[in-house]
Amino acid sequence: MIAESIKRTKERLHKVKRQRQTQRRQRERRDAFNISLVGYTNAGKSTLFNALVKARAYAADQLFATLDTTTRQLYLGEAGRSVSLSDTVGFIRDLPHGLIDAFQATLQEAVDADLLLHVVDAANPNFPEQIAEVQRVLGEIGADHIPQVLVFNKLDALGPERRPPQLQDVYELDGVATPRVFVSARGGEGLAQLRQVLAERVIASAPTAPEAVEMTADFPDNHASSF
Ligand SMILES: Nc1nc2c(ncn2[C@@H]2O[C@H](COP(=O)(O)OP(=O)(O)OP(=O)(O)O)[C@@H](O)[C@H]2O)c(=O)[nH]1
Ligand SMILES: [Mg+2]
């Protein structure tokens with residue numbers, strides 16, 4: 001009887017732990033400032049994701065386990081806090097019909113974002129059409145109201161005659177004046193400016209959430225196992 005009781009208690013404990021983990025994940029999403037990388041396929045989203053996250057990977061490690069595989073914490077020193085950065089699937093024209101549902105499901109991350117980092121392959125002569133296509137899909141999934149920062153990537157691949165006079169300016173995107181930063185995700189140029197622009201956005205739109213305090217108070221078990 002005692003063995004049976006221990007077993008049942010253990011099962012209950014396991015269930016409670018799982019529920020708490022789910023709750024914590026939801027809370028993290030709600031409290032965090034969520035940034036999603038979106039853009040046409042091959043624009044360099046994943047390369048940029050890695051470049052940004054690696055820069056401060058030390059701060060991120062502890063929270064990785066509780067987030068999706070494509071989401072990482074990104075510490076923005078200029079804003080004094082972390083944000084949550086998600087890589088997403090690349091947009092592409094004329095997606096086969098059978099794939100549209102699966103594609104849109106994976107883009108749910110983008111719909112929930114506070115800010116979209118719209119990555120563009122600036123070295124591709126078709127970039128204006130690609131931007132238009134991404135805008136169209138964002139409209140379709142209901143993410144066209146989310147503020148954007150445009151990242152014109154592959155700066156290193158632009159000839160000297162196409163190099164912009166400054167790395168940071170404003171681009172008119174469907175009638176909206178949108179901050180734009182030129183970067184080379186591969187070489188690292190412009191990433192400091194991008195972090196600065198992101199930090200300004202975070203400071204402007206979200207009060208600092210007392211995440212650490214809340215986690216300690218509500219989830220001592222998870223907290224302890226994370227460090
Ligand atoms: N020259 C140059 N190439 C880059 C740069 N960033 C990414 N690339 C290359 O562009 C290609 C696509 O990069 P990814 O990061 O996989 O692009 P993505 O947007 O994640 O692509 P999907 O996942 O297919 O949507 C790779 O060959 C990268 O090495 C850059 O700054 N300069
Ligand atoms: Mg990718």
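Just so you know, ligand 1 is whichever comes first in the structure, and atom 1 is the first atom listed for that ligand. Along the sequence shown, residues are numbered consecutively beginning with 1.
Protein heavy atom closest to atom 1 (N) of ligand 1, with residue, atom name and distance, is Asp156 OD2, 2.9 Å. For atom 4 (C) of ligand 1, the closest non-hydrogen atom of the protein is Lys154 CE, 3.7 Å. The protein heavy atom nearest to atom 17 (O) of ligand 1 is Gly44 N, 3.1 Å. Among all protein heavy atoms, the one lying closest to atom 24 (O) of ligand 1 is Thr41 OG1, 2.7 Å. Looking from atom 23 (O) of ligand 1 to the surrounding protein, the closest heavy atom is Ser46 OG, 4.1 Å. Nearest protein heavy-atom neighbour of atom 6 (N) of ligand 1: Asn153 ND2, 3.1 Å. Residue, atom and distance of the protein heavy atom nearest to atom 15 (O) of ligand 1 are Thr47 OG1, 2.6 Å.
Side-chain contact, Gln166 with Gln193: no donor N or O sits under 3.5 Å from an acceptor N or O.
Within the 4.0 Å heavy-atom criterion, neither part of Val119 lies near ligand 1. Of the heavy atoms in Asn42, both backbone and side-chain atoms come closer than 4.0 Å to ligand 1.
Distance check, rounded to the nearest 0.5 Å: CG of Leu85 to OG1 of Thr71 gives 8.0 Å. Between the CG atom in Asn42 and the CG atom in Asn124 there is a gap of 8.0 Å [rounded to 0.5 Å]. Atom NE2 of His118 sits about 11.0 Å away from atom CG of Leu37, to the nearest 0.5 Å. Taken to the nearest 0.5 Å, the CD1 atom of Ile131 stands 9.0 Å off from the CD atom of Gln148.
Lys45 contributes no side-chain N or O that, together with a main-chain N or O of Thr88, makes up a donor-acceptor pair within less than 3.5 Å.
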Tell me, with the steps shown, if Gln135 and Leu138 meet side-chain contact (heavy atoms from CB on, under 4.5 Å). CA-CA 5 Å; Gln135 291 293 97; Leu138 288 175; 3.7 Å; yes
Check against side-chain contact (heavy atoms from CB on, under 4.5 Å), Lys154 and Ser184: CA-CA 5 Å; Lys154 309 198 186 180; Ser184 167; over 6 Å; no
Go through it in stages, so that I can follow the logic: the residues are Gln130 and Val120, the test is side-chain contact (heavy atoms from CB on, under 4.5 Å), and I'd like the CA-CA distance, side-chain angles, deciding distance and then a yes or no. CA-CA 8 Å; Gln130 300 190 338; Val120 176; 5.9 Å; no
Check step by step if side-chain contact (heavy atoms from CB on, under 4.5 Å) holds for Arg195 and Leu74. CA-CA 10 Å; Arg195 296 176 69 94; Leu74 168 65; 3.7 Å; yes
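Closer than 4.0 Å to atom 26 (C) of ligand 1 lies none of the heavy atoms of the protein.
Within ligand 1, counting atoms from 1 as listed, the ones closer than 4.0 Å to a heavy atom of Ser184 are 31 (O). Near Ala185, meaning under 4.0 Å from one of its heavy atoms, ligand 1 places the atoms 6 (N), 31 (O).
A cation-pi arrangement, defined by a distance under 6.0 Å to the six-membered ring centre and an angle within 45 degrees of its axis, is present between Arg180 and Phe152.
Considering all non-hydrogen atoms of both residues, Gly142 and Val111 come closest at O-CG1, 4.1 Å.
Nearest to atom 9 (C) of ligand 1 by heavy-atom distance, out of Lys45, Arg186, Glu189, is Arg186.
Remark: Glu140 engages Arg136 in a salt bridge, criterion side-chain N to carboxylate O under 4.0 Å.
For a threshold of 3.5 Å applied to N or O pairs, the pair formed by Val183 and ligand 1 contains no separation below that value. Below 3.5 Å of separation, one finds an N or O of Ala43 facing an N or O of ligand 1.
Each protein N, O or S atom less than 2.8 Å from the Mg ion (ligand 2) was counted, giving 1.
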